[in-house]
Number of protein chains: 4
Amino acid sequence: MTPQPKAARRSQTSRQAILNAALDLVGEVGYARLSIEGIAARAGAGKQTIYRWWPSKGAVLFDALMMLTEGEDQEAAELPDTGDLEADLKTVLRATVDELNEPRYSEPMRALAVEILVDPVLAADFTERVDQPMKELKLRRLRKAQEARQLAPEIDLDVAVELIWGPLRSRWLHREGPLTHEYADTIVETVLNGLRG
Amino acid sequence: MTPQPKAARRSQTSRQAILNAALDLVGEVGYARLSIEGIAARAGAGKQTIYRWWPSKGAVLFDALMMLTEGEDQEAAELPDTGDLEADLKTVLRATVDELNEPRYSEPMRALAVEILVDPVLAADFTERVDQPMKELKLRRLRKAQEARQLAPEIDLDVAVELIWGPLRSRWLHREGPLTHEYADTIVETVLNGLRG
Amino acid sequence: MTPQPKAARRSQTSRQAILNAALDLVGEVGYARLSIEGIAARAGAGKQTIYRWWPSKGAVLFDALMMLTEGEDQEAAELPDTGDLEADLKTVLRATVDELNEPRYSEPMRALAVEILVDPVLAADFTERVDQPMKELKLRRLRKAQEARQLAPEIDLDVAVELIWGPLRSRWLHREGPLTHEYADTIVETVLNGLRG
Amino acid sequence: MTPQPKAARRSQTSRQAILNAALDLVGEVGYARLSIEGIAARAGAGKQTIYRWWPSKGAVLFDALMMLTEGEDQEAAELPDTGDLEADLKTVLRATVDELNEPRYSEPMRALAVEILVDPVLAADFTERVDQPMKELKLRRLRKAQEARQLAPEIDLDVAVELIWGPLRSRWLHREGPLTHEYADTIVETVLNGLRG
DNA sequence: CGGTAACCGAGACGGTACGTCCGGTCTTGAT
DNA sequence: ATCAAGACCGGACGTACCGTCTCGGTTACCG
C-alpha cells in the first residue's frame, strides 16, 4: 500500500515474513479470523511494523497476493488476438475459469474481493494496480474487434466488457454455480449473438 | 431468522425495538461499526434477547430490511407482461435503478449483500426468502417470452437471467458507475441483440 | 477500590483469583514488572474484569494486601496503655520493626507506599482505610499521655506523631539503615528526652 | 550520570538540548508521562544519544536538575554557625521550606525523589552527589554543637540528623501538610527539647 | 387461581483483537 | 566515533465487542 514514511529504510526481511505469514494464516483460518496480531506473531514481527506500512489486514493480504502473481504480469501484456474474437474470448475466459477453480488462490482472492466492496482505500488501490490495467487490455482487444467489424459499431465497449467478463465474476463471487469451460463458452456465445438469437 | 425456541412467548415490543434500533444505527455509523451490543443498548433490550432470536448482526439487519419492505411483496406477484419483452424488461430494470438510487435503503442493503457473500447461513436465508422467489418471477416471464419466440429456443434461461439482471447488480455492488435509466435500457437492448448487432 | 458499578453481581471467585494472582506475581517479578495483563492472565480473568473494579494496578495490590491483613484490624483496636508511655511506644515500634523486616509483606508494601506518593486516588484510599484510623489510635494514646503529664502540655500531638513514627517509616522507605529493636528504642528515648538531654 | 563511553567527543549542544527538553516536558506533562522518546523528539536528538549517556529517564532528569542548581553548591560549603544551634537550625530549615514551596523545582524534585526509592542506580548516584555531601555538612555542624555542649554527649549524630531533617522531608514527600516557617521552628524546638518538655 | 417456566432487562464474565505508546536495540548516512 | 533519524521486535496499555452466563422481575400458560 502507499507508504507514508519514506520507504528507504524498510526491511525487506520483515516485509517478506509478514506477507508469507498472511498467506499462510489466511489459508489456515480464513480471512474472517485473520488478524494483524496473528500475522505479526507468525511473522516474528512487531505489530507496529505492520501498521507502519499497511492500513488494514486487507491491504496486507492484497500485497501478499500481488507478490504471488509477480512476474506473470509482464508476459500477459496483451490479450490473444488470432483474428477470431469469439475464439479468443473463450480462451481468455476459460483461463480465468481455471484460475478461479484453484482454491489455494481463489479463496483469499474472494475474501479480498469482498473486502474491496467495503473498504474504499483498498478499492482504490485495487483499481489502480489490477483492475484498470486489466480493463485497458480488454478494451484494446475489443477495440480491434470493433474496427474489424466483429462488434457492432454502436456498442459501448465499457458495457461490452461488463457483459463479457461480468457474469463469470458474479458467479464466482456469489458462488452461484459451477465455473466450467462450457459456462465460459456459453457466456461468450450468448453475449455475442444476443438472446433473440 | 427462523427462531429456534418456540416463538410463542416472544415479545413483539422487543422485536420491533431491536429492528428499529438496527436500522437507526446502521444509518448512523454504518454496518462495520454496527454491533449487537450497540443495538441492544439502543433498543433498551438485553443482549440475550438478540442472541436468542438471531444468529448474527447480519440476520438482525436482514429482518429489519424485510420489515421495511413488508406488504410490497404481494402487489408485485408477477413481472409485467405487455407482450413486448424489451419494453417490459426496461420497465423492471428502471424500477430497480430507482430503488438502488435511494440511499436510505440502498446503503444498508449493500452492506447486507456483502455480508451474504461471507456468511453462508445468511446466504441461505436470503436465497430462500428473497432471491429464489424473485428468480421464479424472472424465469416465468422469460419462459413466456421464449414460448412467444422473443427469445431463441436454445437459450438457457438461467443464463439469460444472469445476463439481464447481473450487470445492474454488479455496477451497484462494486460501485462501478452511475445507475441510470439509460444504462438499464442499454443493457436490455445489448443483451437482447448481442454485441455483433 | 471504590467501585463504580453496583457491586451486587460481583463475582467473589474472580475477585479472590485476581488478588491472589497479584500477590503471587508481585512476589515473583516485583512491582515494576507487575502488569494488569499479567494479573488477568494468571488469575484466568478477563482484563476488563480488573478494569471494571480497580482503577490501577496499585489499587489491585492495595486490596490484595488489605485482604492479607483482614481480621487483624479488630484485635488491635487500641494501642497498649500500661501507664508507661516510653515502654508502650517501644513495644509498638518494635512490633512495627518486626513487620517491616518480613520481606514477604514488606516488599510489596514498600512498592505500594511509593505508588501512593504518585497516585492521588490511591493516596486518598490509603488515607481513608489505613492511615487515618491508625493515626486516631496514635493520637488517642498520646492524648492520654498528655493528660497524665507524660508529655508537655504545649506539644502539638500531630507533630508528636510525626516525630515518633516518622523516622522508622523514613528508614524503611528510603532503605537508609537497618531496622532493629535498638533503633526503635533509641528513637523513642531521644524524641521523648530531646537532643539536648 | 557517569558516562560509560569516553566522553571526549560528546556533543555539549545535544546534552544541553536534552536536559532542557527534559525540564520543559516534566513541567508540561509530569514525570509519569515523561518519556525518553519524547525528550529526544523535543530536543531534536536521536534516542540513541540519550541511551548512550544516561541509563534511564530518571538519570536524565537528575542531571537536568543538577544543571539548574549548579553554582549554588560552592557558596553553601558550610552550614551557618552563629554559636546558637537552635537559631542556626531554624535558619537552615526555613530556607529548605522556601525551596520546597517553589513548585517549579519542587515538583520534578519530588518525582525524582520517588524514582530514587525505586531505582538503586539512581539512588547510588544521588547519595554520592547530593545526599552524602549534605549529610557531611549537617554532621559537621552538629558535631561542633555537641562539642559545645548544646547536644547531649550520648546522642548518635546520625539519629539526630534524621530527627531534625526527616520530618520536613516526610511532610514534603508525602504531602502530609503545609510547609511553613512555623512548622520548621516547631520541629527544631520540639526535637531539641523533647516531647516531655 | 396459583405455580412455574420461558421471557425479558441488565450487565458481569472470560476472551480476542484492536490500534497506540514506549522501551531498548539496530542500522544508515552525514559531520 | 558521534550524531539525527527512525525502523525494528516486543510488551503492555486501555477499549470495544464477542458470545455465555447469572440474576431478579414479569408475563402468560397450564394444571
Side-chain angles (χ1 to χ4, degrees), chain A residues 3 5-11 13-15 17 33-41 43-53 55-57, chain B residues 5-11 13-15 17-18 33-41 43-53 55-57, chain C residues 3 5-11 13-15 17 33-41 43-53 55-57, chain D residues 5-11 13-15 17-18 33-41 43-53 55-57:
Chain A
K6 41 181 155 178
R9 305 235 181 283
R10 182 166 191 179
S11 156
T13 314
S14 295
R15 198 185 113 97
R33 287 203 254 228
L34 183 66
S35 69
I36 290 194
E37 198 139 299
I39 297 172
K47 286 204 286 178
Q48 204 64 269
T49 303
I50 298 183
Y51 283 110
R52 186 154 33 229
W53 301 110
S56 64
K57 70 170 176 173
Chain B
K6 37 182 159 177
R9 300 191 190 282
R10 180 166 190 178
S11 155
T13 315
S14 294
R15 199 186 111 96
I18 288 164
R33 292 208 276 212
L34 183 67
S35 70
I36 290 195
E37 204 142 286
I39 296 171
K47 283 165 57 169
Q48 201 60 264
T49 304
I50 299 183
Y51 283 109
R52 189 162 21 238
W53 302 109
S56 64
K57 70 168 174 173
Chain C
K6 41 181 155 178
R9 305 234 180 283
R10 182 165 189 181
S11 156
T13 314
S14 295
R15 198 186 112 97
R33 286 202 254 228
L34 183 65
S35 69
I36 290 194
E37 197 138 302
I39 296 172
K47 286 203 287 177
Q48 205 61 268
T49 302
I50 299 183
Y51 283 110
R52 183 153 37 228
W53 301 108
S56 63
K57 70 169 174 172
Chain D
K6 38 181 158 179
R9 300 193 188 277
R10 180 167 191 179
S11 155
T13 316
S14 292
R15 200 186 110 96
I18 288 164
R33 292 207 277 210
L34 183 67
S35 69
I36 291 195
E37 205 144 284
I39 296 171
K47 283 165 60 171
Q48 200 59 264
T49 304
I50 298 183
Y51 282 109
R52 188 160 23 235
W53 301 109
S56 64
K57 70 169 175 173

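Here is the naming used below: chain letters follow the sequence lines, and residue numbers restart at 1 for every chain. As the structure is a computational prediction, the values presented were derived from the model and not from experiment.
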Measure CZ/D:Arg52 against P/E:dG24 and give the value in whole Å, please. 16 Å
May I ask you to verify if any side-chain N or O of B:Thr49 is less than 4.0 angstrom from the OP1 or OP2 atom of E:dC7? no
Is C:Trp53 close enough to E:dC13 that one of its side-chain N or O atoms is under 4.0 Å from OP1 or OP2 there? yes
Whole Å only: how far is the CD1 atom of A:Ile50 from the P atom of E:dA17? 13 Å
From A:Lys57 atom NZ to A:Ile39 atom CD1, the distance as rounded to the nearest 0.5 Å: 8.0 Å
Counting just side-chain N and O atoms, does D:Ser14 come under 4.0 Å of either OP1 or OP2 of F:dA4? yes
Smallest heavy-atom separation, A:Ser56 atom then A:Ile36 atom, equals C-CD1, 4.2 Å
How does each nucleotide of nucleotides 12-18 of chain F score, in 5' to 3' order, for protein heavy atoms under 4.0 Å: base (B), sugar-phosphate only (S), or none (-)? BBBBBBB
The reported gap from OG in D:Ser35 to CD1 in D:Ile50 (rounded to nearest 0.5 angstrom) is 9.0 Å
Assert: residue with more 5' nearest nucleotide on DNA chain E, out of C:Ser11 and B:Ile18, is B:Ile18
Derivation of the side-chain contact (heavy atoms from CB on, under 4.5 Å) call for D:Arg15 and D:Trp53: CA-CA 9 Å; D:Arg15 200 186 110 96; D:Trp53 301 109; over 6 Å; no
In whole Å, I'd like the distance from the CZ atom of A:Arg15 to the C1' atom of F:dC8. 16 Å
Shortest non-hydrogen contact from C:Ala17 to C:Ala43? O-CB, 3.5 Å
Under 3.5 Å, N/O pairs linking protein and nucleotides 29-31 of chain E:
none

